[in-house]
Every structure is written in structure tokens, then in C-alpha cells.
Amino acid sequence: MRPSCPTRPFSTILMPFQNIDRHDCFIVQQERHLGQEIMQAAALWNAHGPDLFLHRGTIEILQTELRTFLPAGTQALADDALNLARRYQRLSGTAEIRFRLEKVRHDSCRRFHVDHVPLRLLCTYTGPGVQWKHADSEIIHDTPACWITLLKGRLYPGWSTKGAVLHRSPPISDLPVRVTRLLLTLDHPDACGMG
């Protein structure tokens, strides 16, 4: 017997990503503590990388495209992001994916929402991670940096509003120290903003 998705009593949803296919699971998170090499690479990307790297394609195409934009010392970040892309590809079953690595320095997506995609993977390398809550609750959960968050979107087969999880980018404009979030978003190749 499979255990039920523990979305109510806990602030984190730690379980195998494959459980996202269950009708009662709308979010799965994986705790991660990345090593110094990746964190230094993320800091170097923030200092010298493009504000936005947005491409769609197979893992091989993404790897080739990303290589042309890599600042010195950021290979470890690229390797980690591409490993997450491979993982997302296996879970989603899509041949191509949309790969978005973005520096976020402002309050974006302030409203809690559900994405118009089947499945979305988020990982914030620097700065605060995604915030989420159940549609029928006002309790907001904060995701630590480097954790992986997998969310069902409205286009996921069998998705319904019952038990749905909403998310948003955390507000950062009022923080006492200026913060740059380095956010990786992986989803369907036809996701909004790709056209």
C-alpha cells in the first residue's frame, strides 16, 4: 500500500519525485545542500553570466547552447542544471524541454498561482526559494535555496482544484540586503514565454 501524500501536516513534501503522478500529490520537494564548487559557480554566474538564458530543445541541444554562454568557473553550475534537466525529462516524458536560468532582482510573480503547464521544476541556486501554499489555506511555506521543487500545473492529466498547490516568487524588494535570486525553471517546451 502506498503512503498518502503528506501535504497537510508538514511544511515540506519530501518523497520520491515519481509520487507526483498520484492524484493526491501536487508538489514534491527534495532537500539539497550543494557543495562549495557549485555555490561558487552560481556566484560567478550572478557576477558575469547573462541575466537570462532561455532555450528549448533536447538535453544535447541545451548542453551545446549553454556551453557558449558559460562564464569562466561556472561549469559545475551548468552540470548540475543539466542533470536536473535530465531528471525532469525522465519525469515529464518530453523529448524537448524549456530551460530557463534567470537572475531575479525584483518581486516577480507576486500572486500565488498555478502554472499553465503540465509539470514544472524549480531550483533557486542563490537567494530565497519558491513560496507555496494549499489553495484552501493561508499558511505560506518557504523553500530553502538549492532545494528542488516539482509542481503540477493545470495541464497535468487529471489535475483538479481539489488539493491544488499554489506558488509564487518570494518578495525580495523589502529585504534589508539586496538579493539576486538565480532561478532555474524547467518545463514543457511550449510553456508561456517561449514563443
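Quantities reported herein were computed from a predicted structural model and do not represent experimental measurements.
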- Which residues share a salt bridge (Lys or Arg N to Asp or Glu O under 4.0 Å) with Arg105, sequence neighbours left out: Asp51

- Query: Backbone N or O of Leu182 within a donor-acceptor pair of the Thr126 side chain at under 3.5 Å?
  - Reply: yes

- Item | Residues which pass side-chain hydrogen bond (donor to acceptor under 3.5 Å, both in side chains) with Gln63, listed by chain and number, not counting sequence neighbours | none

- Exercise: do Gln29 and Thr143 side chains pair donor with acceptor under 3.5 Å: yes

- Item | Considering all heavy atoms, the nearest Ala76-Ala41 contact | CB-CB, 4.3 Å

- Message: Which residue in the set Arg87, Arg32, Arg86 passes salt bridge (Lys or Arg N to Asp or Glu O under 4.0 Å) when paired with Asp80?
- Response: Arg32

- Task: Is it possible for you to check whether Arg56 lies under 6.0 Å from the centre of the six-membered ring of Phe99, through NZ or CZ, and within 45° of that ring's axis?
- Result: no

- Is there a donor-acceptor contact under 3.5 Å linking the side chains of Asp21 and Tyr156? no

- Item | Stepwise side-chain hydrogen bond (donor to acceptor under 3.5 Å, both in side chains) check, Asp187 with Tyr88 | CA-CA 8 Å; Asp187 50 23; Tyr88 174 85; 5.8 Å; no

- Message: Does the plane of the ring in Phe53 sit parallel, tilted or perpendicular to the ring in His55? Use 30° and 60° as the thresholds.
- Response: tilted

- Query: Is a donor on one side and an acceptor on the other found under 3.5 Å between the side chain of His188 and the backbone of Asp190?
  - Reply: yes

- Task: Please round to the nearest 0.5 Å and tell me the distance separating atom NE2 of His33 and atom CE of Met39.
- Result: 11.5 Å

- Query: Quick one: do the Gln18 and Arg90 side chains pair a donor with an acceptor below 3.5 Å?
  - Reply: no

- Above 12 or not: heavy atoms from other molecules or residues under 6.0 Å from CD1 of Ile139? no

- Any side-chain heavy-atom pair from Tyr125 and Leu34 closer than 4.5 angstrom? yes

- Query: Counting distance only, does the side-chain N/O of Ser169 pair as donor-acceptor with the main-chain N or O of Val130 below 3.5 Å?
  - Reply: no

- Query: Is it true that a side-chain atom of Lys152 and a backbone atom of Pro118 form a donor plus acceptor pair closer than 3.5 Å?
  - Reply: no

- Item | Nearest-0.5 Å distance that lies between atom OG1 in Thr124 and atom CG in Leu184 | 9.0 Å

- Task: Not counting sequence neighbours, which residues clear ring pair (Phe, Tyr, Trp, His ring centres under 6.0 Å) with His23? List them please.
- Result: none

